[in-house]
Amino acid sequence: MKILVTGCDGQIGKTLINSGVKYGFKMAGFSKENLNITSKLIVNDVFNLEKPDLVINAAAYTKVDNAEKEIEKAFDVNEKGTLFLSQVCSSFNIPLFHISTDYVFDGKLDKPYTETDNVNPLNVYGISKVSGEKIIRKNIEQHIILRTSWVFSSEKNNFVSTMMRMAVEKDEISVVADQFGGPTSADGIAETLLTIAYKYKNKSKIIWGTYNFSGHPNISWYEFANEIFKTAFALKLIKKIPMIKPIKSFDYPTLAERPENSRLDCAKIYKNFEITKDDWKVRLIEYLNILR
């Protein structure tokens, strides 16, 4: 079975391409330079050339703060791009797997969010992702929308890599302590999507729809930072652990408002696809070991 992956140069996209072969899939990866999903003509041409059996959309505009200023860019990718992909997948009668976000919620609930809880995004990025979700549900029955949170990997430009850099540059670091969620490894996300794809390949019954998947257990950004430094120090990747100061969200103003509660209830995906909990502490050790 051939899987076309958009956004193959991102954290999740790279992991999908590298892991797909282990599942026996033929992986066709496309970056935004090779496949501009905001052009229906290009999307059509690539699909006609590649003739995939399934598509995983890992392409997204994810610069949360910049989205407040670059509204059109955010919606071009997260809404228009999703529209074209869902339309073409529908015309080819193939499934579309799509990665969404915890930022579709406002974080006001005092419990982990389920898939049926009302969405109410606080920022442009979240609004654009909600729009993309709605488009997929409207255009194609065979879809998996995977909402995830706090993605990290051994690549650059995520919270783990930022903390590792700051550990070298600073003696004291302030980290938000009143936002809670589940750090989620790119490997965990890739394995989850590929597991579902494997079941589809083997003609298992697939319950299409929206699913939550995030790392376990839930913590605050402050607690996550502490664990990163403690683990990095134990692995002798840093010579000292910087002083970490817990702060409130309003002490660290950003262009885009973030939800305080990003915890996701993942019971549905565990049950329907026999997916197991993804222990972010184990993944963190794996990723930091790559840096040794």
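Position 1 is the first residue of the sequence, and the numbers go up from there.
Taking every heavy atom of both residues into account, Val124 and Ala74 meet most closely at CG1-CB, 4.4 Å. Counting all heavy atoms, side chain and backbone alike, Asn158 lies closest to Ser153 at ND2-O, 3.3 Å. Between Asn139 and Ser86, the shortest heavy-atom distance links the atoms ND2-OG, 3.1 Å. Shortest non-hydrogen contact noted between Ala190 and Thr15 is CB-CG2, 3.7 Å. Ile173 and Pro242 get closest at one heavy-atom pair: CD1-CG, 3.8 Å. The shortest non-hydrogen separation linking Pro246 to Ala177 is CB-CB, 3.8 Å.
A donor-acceptor pair shorter than 3.5 Å cannot be found between the side chains of Asp265 and Tyr270. A donor and an acceptor atom, one from each side chain of Ser31 and Glu33, are located under 3.5 Å apart. Thr184 and Asp278 form no side-chain donor-acceptor contact under 3.5 Å, judged by distance and modelled atom types alone. Between Tyr287 and Asp187, the side chains place a donor N or O and an acceptor N or O closer than 3.5 Å (distance only, hydrogens not considered). Side-chain contact, Gln179 with Ser249: a donor N or O sits under 3.5 Å from an acceptor N or O. Side chains of Thr114 and Asp117: a donor-acceptor N/O pair is present below 3.5 angstrom, by distance only. Side chain to side chain, Asn78 and Ser128 meet the donor-acceptor criterion of an N or O pair below 3.5 Å.
With contacts defined as side-chain heavy-atom distances shorter than 4.5 Å, the pair Phe105/Pro259 does not qualify. Side-chain atoms of Tyr103 and Asn123, non-hydrogen and from C-beta on, do get closer than 4.5 Å to each other. At least one side-chain heavy atom of Ile94 sits less than 4.5 Å from a side-chain heavy atom of Phe47. Here the side chains of Leu288 and Met164 are in contact, with some heavy-atom distance below 4.5 Å. Contact check for Tyr211 versus Thr192: no side-chain heavy atoms found under the 4.5 Å cut-off. No side-chain heavy atom of Phe213 sits under 4.5 Å from any side-chain heavy atom of Leu193. Side-chain contact between Lys281 and Glu227 is present, with at least one heavy-atom pair separated by less than 4.5 Å. At least one side-chain heavy atom of Asn57 sits less than 4.5 Å from a side-chain heavy atom of Ile37.
Glu50 has a carboxylate O that lies under 4.0 Å from a charged side-chain N of Lys2, or vice versa, which qualifies the two as a salt bridge. Look at Asp171 and Lys240 and you find a salt bridge, because one of the NZ, NE, NH1 or NH2 atoms lies within 4.0 Å of a carboxylate O, short of that distance. Under the 4.0 Å criterion applied to side-chain N and carboxylate O atoms, Arg283 and Glu191 are assigned as salt-bridge partners. Electrostatic pairing of Lys14 and Glu155 counts as a salt bridge here, judged by a charged N lying under 4.0 Å from a carboxylate O. Comment: Glu133 engages Arg137 in a salt bridge, judged by a side-chain N to carboxylate O separation of less than 4.0 angstrom.
Separation of atoms CD1 (Ile241) and CD1 (Ile228) is listed at 12.0 Å; rounding is to 0.5 Å. The distance from the CZ atom of Arg258 to the OH atom of Tyr252 is 8.0 Å, given to the nearest 0.5 Å. Interatomic distance, Ile42 CD1 to Asn34 CG, rounded to the nearest 0.5 Å: 10.5 Å. With values rounded to the nearest 0.5 angstrom, Arg147 atom CZ is found 5.5 Å from Thr210 atom OG1. Rounding to the nearest 0.5 angstrom, the gap separating the OG atom in Ser149 from the CG atom in Asn218 is 7.5 Å. Taking CD1 of Ile99 as the start and CD of Gln11 as the end, the distance is 10.5 Å to the nearest 0.5 Å.
Proximity of a side-chain donor or acceptor of Ser161 to a complementary backbone N or O of Asn157 within less than 3.5 Å is detected. With hydrogens and angles disregarded, no donor-acceptor distance shorter than 3.5 Å links the side chain of Thr38 to the backbone of Val77. Remark: side-chain polar atoms of Ser214 are not paired, donor with acceptor, to backbone N or O of Thr148 under 3.5 angstrom. In this structure, the side chain of Trp280 engages the main chain of Pro217 through a donor-acceptor pair within 3.5 Å. In terms of modelled atom types and a separation under 3.5 Å, the side chain of Lys51 and the main chain of Asn48 share a donor-acceptor contact. Proximity of a side-chain donor or acceptor of Tyr222 to a complementary backbone N or O of Ser174 within less than 3.5 Å is not detected. Distance alone, capped at 3.5 Å, places no donor-acceptor pair between the Ser90 side chain and the Gln87 backbone. A donor-acceptor pair under 3.5 Å is absent between the side-chain atoms of Asn120 and the main chain of Asp106, judged by distance alone. No donor-acceptor distance shorter than 3.5 angstrom exists from the side chain of Asn212 to the backbone of Ile269, with no hydrogens or angles considered. Remark: the backbone N or O of Tyr200 is not paired with any side-chain donor or acceptor of Ser204 at under 3.5 angstrom.
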Would you check, one step at a time, whether the test side-chain contact (heavy atoms from CB on, under 4.5 Å) holds for Ser262 with Phe180?
CA-CA 6 Å; Ser262 282; Phe180 297 85; over 6 Å; no
Give the intermediate values and the outcome of side-chain contact (heavy atoms from CB on, under 4.5 Å) for residues Phe25 and Leu16.
CA-CA 10 Å; Phe25 297 129; Leu16 282 165; over 6 Å; no
So Phe229 and Ile238, side-chain contact (heavy atoms from CB on, under 4.5 Å) or not? Walk me through it.
CA-CA 8 Å; Phe229 293 140; Ile238 55 176; 4.2 Å; yes
Check step by step if side-chain contact (heavy atoms from CB on, under 4.5 Å) holds for Phe97 and Val55.
CA-CA 6 Å; Phe97 291 8; Val55 173; over 6 Å; no
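Between Phe224 and Trp221, the ring-plane angle classifies as tilted under the 30° and 60° cut-offs.
One hydrophobic cluster, built from ILVMFWY side chains closer than 4.5 Å, holds both Phe273 and Ile3. A continuous path of Ile, Leu, Val, Met, Phe, Trp and Tyr side chains, each step under 4.5 Å between heavy atoms, connects Val160 with Leu235, placing both in one hydrophobic cluster. Ile145 and Val104 fall into different hydrophobic clusters, defined by Ile, Leu, Val, Met, Phe, Trp and Tyr side-chain heavy atoms under 4.5 Å apart, directly or through other members. Cluster membership check: Leu96 does not share its hydrophobic cluster with Val5, using side-chain heavy-atom separations under 4.5 Å among Ile, Leu, Val, Met, Phe, Trp and Tyr. Taken together through direct or relayed side-chain contacts under 4.5 Å among Ile, Leu, Val, Met, Phe, Trp and Tyr, Ile136 and Leu4 form part of one hydrophobic cluster.
The number of heavy atoms from other shown groups lying within 6.0 Å of CD (Glu141) does not exceed 12. Residue Tyr23 qualifies as enclosed at atom OH: its count of foreign heavy atoms under 6.0 Å is above 12. Other residues, nucleotides and ligands contribute more than 12 heavy atoms inside 6.0 Å of the NZ atom of Lys199. The local environment of CD in Glu274 is sparse, with at most 12 non-hydrogen atoms from other residues, nucleotides or ligands closer than 6.0 Å. Taking a 6.0 Å sphere around NZ of Lys201, one finds it holds more than 12 heavy atoms contributed by other residues, nucleotides or ligands. Within 6.0 Å of the NZ atom in Lys271, the count of heavy atoms belonging to other residues, nucleotides or ligands does not exceed 12.
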